[in-house]
There are 4 protein chains.
Amino acid sequence: MSDSFHCSQESDILPPDFKHLINSESYEDIISAVENEPFMVAPMKLMSSPTCAMLTTDEYAGPFGFEIQIDGGSSGKQWMFSYDLNKLFINIDTAIHLGFKCEPFQSGLFVRAVPVYCETDAFQEPIVRCLFHRAESNPHNKGFSADIFDHVLRIIHSDAMYDYDESSERRSVRVPLGHPQAGTDWVTVEFKFMCKNSCISGMNRRPTDVIFTLEDSNLAVLGRRKMKVRICSCPKRDKTKEEEDMKSKHGNTVPQGKRAVAHKTEDDPSSKLRKVDLFQISLLDKEALVDVTDYARSRILRKLRIEKRGATEKEEKLLNDYECTLQMYE
Amino acid sequence: MSDSFHCSQESDILPPDFKHLINSESYEDIISAVENEPFMVAPMKLMSSPTCAMLTTDEYAGPFGFEIQIDGGSSGKQWMFSYDLNKLFINIDTAIHLGFKCEPFQSGLFVRAVPVYCETDAFQEPIVRCLFHRAESNPHNKGFSADIFDHVLRIIHSDAMYDYDESSERRSVRVPLGHPQAGTDWVTVEFKFMCKNSCISGMNRRPTDVIFTLEDSNLAVLGRRKMKVRICSCPKRDKTKEEEDMKSKHGNTVPQGKRAVAHKTEDDPSSKLRKVDLFQISLLDKEALVDVTDYARSRILRKLRIEKRGATEKEEKLLNDYECTLQMYE
Amino acid sequence: MSDSFHCSQESDILPPDFKHLINSESYEDIISAVENEPFMVAPMKLMSSPTCAMLTTDEYAGPFGFEIQIDGGSSGKQWMFSYDLNKLFINIDTAIHLGFKCEPFQSGLFVRAVPVYCETDAFQEPIVRCLFHRAESNPHNKGFSADIFDHVLRIIHSDAMYDYDESSERRSVRVPLGHPQAGTDWVTVEFKFMCKNSCISGMNRRPTDVIFTLEDSNLAVLGRRKMKVRICSCPKRDKTKEEEDMKSKHGNTVPQGKRAVAHKTEDDPSSKLRKVDLFQISLLDKEALVDVTDYARSRILRKLRIEKRGATEKEEKLLNDYECTLQMYE
Amino acid sequence: MSDSFHCSQESDILPPDFKHLINSESYEDIISAVENEPFMVAPMKLMSSPTCAMLTTDEYAGPFGFEIQIDGGSSGKQWMFSYDLNKLFINIDTAIHLGFKCEPFQSGLFVRAVPVYCETDAFQEPIVRCLFHRAESNPHNKGFSADIFDHVLRIIHSDAMYDYDESSERRSVRVPLGHPQAGTDWVTVEFKFMCKNSCISGMNRRPTDVIFTLEDSNLAVLGRRKMKVRICSCPKRDKTKEEEDMKSKHGNTVPQGKRAVAHKTEDDPSSKLRKVDLFQISLLDKEALVDVTDYARSRILRKLRIEKRGATEKEEKLLNDYECTLQMYE
DNA sequence: CTACATGTAAACCGACATGTCC
DNA sequence: GGACATGTCGGTTTACATGTAG
Ligand SMILES: [Zn+2]
Ligand SMILES: [Zn+2]
Ligand SMILES: [Zn+2]
Ligand SMILES: [Zn+2]
């Protein structure tokens with residue numbers, strides 16, 4: 001869970017680009033804007049919902065600095081991530097953990113994942129499971145509701161919501177984005193792909209992307225990330241092959257001097273800087289949440305009063321967070 | 001991390017500390033409330049008996065403050081208890097004494113023990129003895145009634161009752177809970193495990209828990225405790241190994257080349273993500289954490305007192321969590 | 001090596017030779033004997049119908065001298081017949097014409113075709129179409145009744161009857177056998193195969209035979225022929241490959257790194273060991289072999305003539321064997 | 001099927017010993033003796049039947065020159081034969097083909113295989129299947145008669161007879177020895193082992209031999225061979241290990257000059273010399289057998305008469321064989 | 001308590017099977 | 001018809017699990 005993968009199509013020489021992370025200077029402005037008119041960020045629901053036929057696929061950090069992360073280090077299993085290609089190679093029915101970050105994490109946010117064909121010709125065709133894998137008798141469907149039989153992409157979470165867009169016929173899945181565990185500022189979500197790219201009567205050997213969008217509960221898009229994905233039986237073999245293909249292609253057009261460079265992404269200190277060591281407690285119901293949040297807020301304020309000082313940046317952010325919560329539930 | 005046995009990460013030298021279990025101030029109130037209306041806690045016998053296929057495994061002190069204790073200090077050679085793992089490592093056919101507490105001890109109470117597989121996949125499969133150990137000719141069966149040949153778990157007591165649930169096919173054993181001997185408030189029960197986790201045609205190397213339930217004679221569940229158990233030939237070696245594995249796992253981000261299997265309930269962080277029915281707040285530092293947690297706890301206790309009722313299962317779990325947190329950071 | 005199509009090892013240039021099938025001298029006698037008492041051959045319908053799970057697959061000319069013919073000369077691109085392998089290689093949805101002969105052609109006769117897996121393990125599993133090809137939306141099903149969507153094998157004839165054996169779940173197709181056109185004594189029937197052997201969720205790369213039975217309207221079997229079939233995308237390539245494999249196998253003692261699977265009936269020598277109901281004698285040289293085989297053959301034929309009856313299945317098999325031997329060594 | 005394995009316990013330097021093959025000089029005497037007083041060879045049935053507790057295990061070619069052969073060449077399977085150790089390493093439920101030779105092959109002969117513990121302590125204990133593998137529910141028993149559930153050793157042949165010796169409680173299996181196929185003078189029998197040496201409540205890690213005896217129908221022993229067998233999950237690993245152990249043991253007691261020498265057994269020309277290229281034909285019933293055999297005999301005799309010469313050795317043997325057959329069935 | 005015995009599982013790799021494209 | 005795409009299999013190796021023995 002250490003490497004944030006970059007999203008450009010360029011060769012692996014390029015360092016990952018973190019500029020899309022929110023600059024702290026503009027942070028308060030955004031937050032305050034959001035607080036006052038929550039979720040104003042152009043919903044454009046009718047014109048271009050995150051699941052419409054011609055959905056936008058451009059990367060977009062958005063007001064929350066939405067980011068996505070994969071732990072490419074633990075390769076060698078049923079999946080491999082290629083930093084060179086920014087592409088995930090994964091077997092069918094294999095759990096993959098992706099990390100999501102947004103600042104701040106607040107209730108009412110969702111992450112949606114929608115698979116799309118990346119070739120222009122097929123782009124508008126919705127991706128659905130093949131006849132074989134969607135059959136009720138298929139073991140991968142054992143114990144699941146028929147609602148999700150047609151979904152290629154699953155989120156393994158009891159709150160996962162499987163959406164079907166009647167107009168585009170796209171199927172997607174989303175989950176409420178909780179808060180990060182102590183010691184990290186990423187929220188981990190587990191995905192599984194339930195068809196192969198090669199499935200006949202399904203994806204039929206067409207290459208695919210997955211589009212991840214950060215949304216509020218009105219489906220307004222607050223951020224967007226893209227990842228190439230190939231679901232296949234031999235992730236390692238195919239990753240190697242595609243990387244070699246890519247290199248030899250570059251070899252023809254670009255001088256050979258290129259050398260493999262260590263991925264800065266993997267240990268970019270800037271991401272570490274952002275880690276906040278927060279603690280968490282769980283509350284039973286909204287009433288308790290409001291009550292305890294209020295207590296926690298007054299606690300800080302009292303402390304500041306006693307210590308006769310202003311809030312640190314961290315404290316400020318937390319207070320902000322508390323306010324958001326209180327506003328939302330009171 | 002929600003087990004009654006121990007909540008700290010310290011080594012197993014420390015004796016178990018049970019003081020944190022139920023806050024003594026509010027304790028009497030709860031009990032007295034319950035005493036007047038005994039067994040009010042919805043039995044839900046049909047929906048979920050303590051031996052049904054999908055039996056509940058969550059810890060639950062219940063109206064009697066049901067607790068369980070093991071004397072880990074006197075760990076002999078044939079068994080060892082790991083406080084780090086909350087897990088008993090024991091050889092086959094070895095006597096182990098467990099202490100049970102409920103307040104008040106009254107007639108008509110039983111303690112039942114039912115072994116279950118903890119892996120999600122196998123959870124519903126009843127645990128029975130392997131063909132080898134259940135054979136009449138097996139020396140461990142000498143002198144016993146054939147009724148218990150198939151039971152992995154025995155209570156060494158003349159009043160032990162061996163139950164077979166025809167619907168789930170689970171086999172369990174229970175015994176009337178007497179009164180504590182003078183000088184203690186724990187009742188001791190002797191158990192023996194009659195198969196190993198590694199027994200082929202039996203548990204087949206699958207890890208197991210034992211669920212202890214406090215019941216009345218109508219099988220209504222009045223309390224529940226869980227203990228991980230591994231029956232093996234080398235309790236010490238295997239305990240050491242698992243503890244080391246656990247430590248190195250917590251050290252690394254991801255367990256490297258190890259075999260991991262989905263467990264039904266685990267303290268693995270991803271399971272926390274599933275606590276969707278709970279709310280979370282973030283705190284800045286340990287001091288704030290302790291302070292706010294204590295506030296949240298007293299809030300619940302106050303509520304219970306006001307409403308003159310015992311804790312629901314959820315509330316109890318939360319209280320438990322709070323206690324653990326407090327103990328860890330105070 | 002007991003197929004009607006061809007018994008020599010020569011290349012597929014040779015046209016099929018049908019002369020050896022039934023010795024013409026004794027042939028008329030047999031037929032006339034049968035004509036007077038038609039259908040005397042024990043139908044044993046209950047015990048072993050032509051579509052039951054354990055259906056018989058042995059070749060059997062029967063009282064009508066049932067034979068089957070394929071015009072291998074006109075091998076187009078979409079199908080090829082291998083005389084070396086007695087195997088049809090054909091593409092999906094491709095018309096193939098088979099000739100059937102019986103003497104005399106009379107009303108009330110049917111030809112049934114039932115596909116079966118030839119590997120022992122899968123033999124009893126009924127062959128049905130894969131989920132992809134059986135889907136109503138599949139273009140190959142356009143304009144057809146849903147009754148036949150699940151049938152791998154079709155007869156292109158308005159009188160074709162598609163049977164479903166509820167007990168074995170086998171699907172087969174049959175057609176009334178008309179009379180030959182002027183100038184020939186073969187009746188031609190057009191078949192199509194509607195799945196590939198490689199279809200997942202269908203035949204799943206398992207090799208297949210087709211069993212052709214001559215039947216009366218009571219389903220009594222009056223003759224039986226077998227043909228290996230492989231439905232694939234590259235009939236020619238695959239035919240060449242299998243023929244080469246076969247040759248190199250016969251050359252070497254043991255197929256080195258190849259995958260071999262038990263077949264239900266094969267010319268593999270170990271199956272001969274099982275012929276426990278037969279007796280064997282050893283001969284010194286080819287001359288003796290031919291001589292004695294011829295003697296044994298005439299012995300059986302004489303007996304049939306004397307007893308005025310047709311050959312039993314066993315006798316016919318032996319006669320077939322003898323013919324093969326004679327042809328091979330004469 | 002090329003290597004006859006030798007049966008001595010010595011190191012692998014020793015060439016295989018073929019002296020036990022029948023000397024051709026004494027051949028006629030033996031045969032004639034046998035023909036006149038068939039099966040006179042000391043039956044000793046009561047004292048030491050081939051399945052008694054203290055059964056003899058010494059190698060014994062006997063009057064028929066009984067021999068056994070295994071094809072050790074094909075590695076990488078589920079079994080491996082060590083010529084160094086004269087030991088078969090094989091997985092459970094794995095087919096192994098053994099070749100048997102006796103001169104002459106005649107009807108009424110049987111081959112029996114009985115497994116025994118080779119350690120002195122356990123030798124008299126009968127070998128039976130473990131509780132796990134003998135259970136009716138065990139998939140390896142699916143489709144088999146309960147009679148053979150307890151047998152560790154199976155012969156895959158419809159005529160296999162499973163014997164139980166009530167006095168010794170040993171279980172063994174035997175099969176009538178047919179005639180060799182054309183082109184070889186070995187009869188092949190397929191065996192399977194249905195428990196592992198490590199099976200608890202069964203062989204329990206004790207090493208085993210298999211004793212093969214050539215018998216007549218009165219259980220008189222006419223030949224005996226012995227083979228070490230280890231049934232395990234990793235035949236290759238364990239074979240390698242035992243061979244290394246053996247070598248290092250020899251290294252301590254014997255000067256190191258020993259070098260691995262090619263096994264003469266593997267291509268000993270003497271065995272090739274004995275190969276007779278005979279042809280075979282099958283007959284339907286005894287009557288046909290007698291008739292055709294008589295024809296074949298007179299054919300040879302006529303030929304000799306015409307060519308005015310005596311019989312060659314081969315012819316002589318065949319004639320003898322024919323006589324045997326006629327005598328037995330007429 | 002160390003060394004070993006021995007079953008199991010995962011990972012790896014190369015060979016093959018078989019559809020598709022050009 | 002050749003080159004490729006891509007699933008599957010079989011064999012190998014390595015690591016691990018776990019009982020036994022000295
Ligand atoms: Zn699919
Ligand atoms: Zn057991
Ligand atoms: Zn199909
Ligand atoms: Zn066994």
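A note on names: the letters A, B, ... follow the listed sequences, proteins ahead of strands, and every chain is numbered from 1. Note that this is a predicted model, so its numbers are computed, not measured.
Heavy-atom nearest nucleotides on DNA chain F were determined for S233(A) and for I231(B), and the one closer to the 5' end corresponds to S233(A). Nucleotides of DNA chain F nearest to R205(D) and I200(C) differ in position, and the one nearer the 5' end is that of I200(C).
Proximity of S198(D) to the phosphate of dG7(E): a side-chain N or O atom is located under 4.0 Å from OP1 or OP2.
For E242(D) and dC4(E), the CD to P distance is 15 Å, given to the nearest whole Å. What separates NZ of K196(B) from C1' of dT6(E) is a distance of 14 Å, to the nearest Å. Atom pair R206(C):CZ and dC9(F):P shows a separation of 11 Å (rounding to whole Å applied). For I92(D) and dT8(E), the CD1 to C1' distance is 14 Å, given to the nearest whole Å. To the nearest angstrom, C1' of dA5(F) lies 15 Å from CD of E244(A). If you take NZ of K241(A) and P of dG14(E), they are 16 Å apart, rounded to a whole angstrom. Atom CG in D238(B) sits about 15 Å away from atom P in dC16(F), given to the nearest Å. Between the CG atom of N197(C) and the C1' atom of dG7(F) there is a distance of 16 Å, given to the nearest Å.
Scored by the salt bridge (Lys or Arg N to Asp or Glu O under 4.0 Å) test, K236(C) finds no partners at all (sequence neighbours excluded).
Inter-residue side-chain proximity for T208(D) and K228(D) is flagged as unmet; no heavy-atom pair is nearer than 4.5 Å.
For the residue pair N141(B) and R129(B), a side-chain donor N or O sits within less than 3.5 Å of a side-chain acceptor on the partner. A donor and an acceptor atom, one from each side chain of K196(B) and S233(B), are located under 3.5 Å apart.
Using a cut-off of 4.0 Å between Lys/Arg side-chain N and Asp/Glu carboxylate O, R206(D) and E119(D) are scored as not salt-bridged. K192(A) has a carboxylate O that lies under 4.0 Å from a charged side-chain N of D93(A), or vice versa, which qualifies the two as a salt bridge.
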Sub-3.5 Å pairs of nitrogen or oxygen atoms, protein against nucleotides 1-3 of chain E:
| residue | atom | partner | partner atom | Å |
| --- | --- | --- | --- | --- |
| dC1(E) | OP1 | K236(B) | NZ | 2.7 |

Stepwise, does the side-chain contact (heavy atoms from CB on, under 4.5 Å) test hold for M203(B) with C195(B)?
-> CA-CA 8 Å; M203(B) 287 180 276; C195(B) 256; 3.6 Å; yes
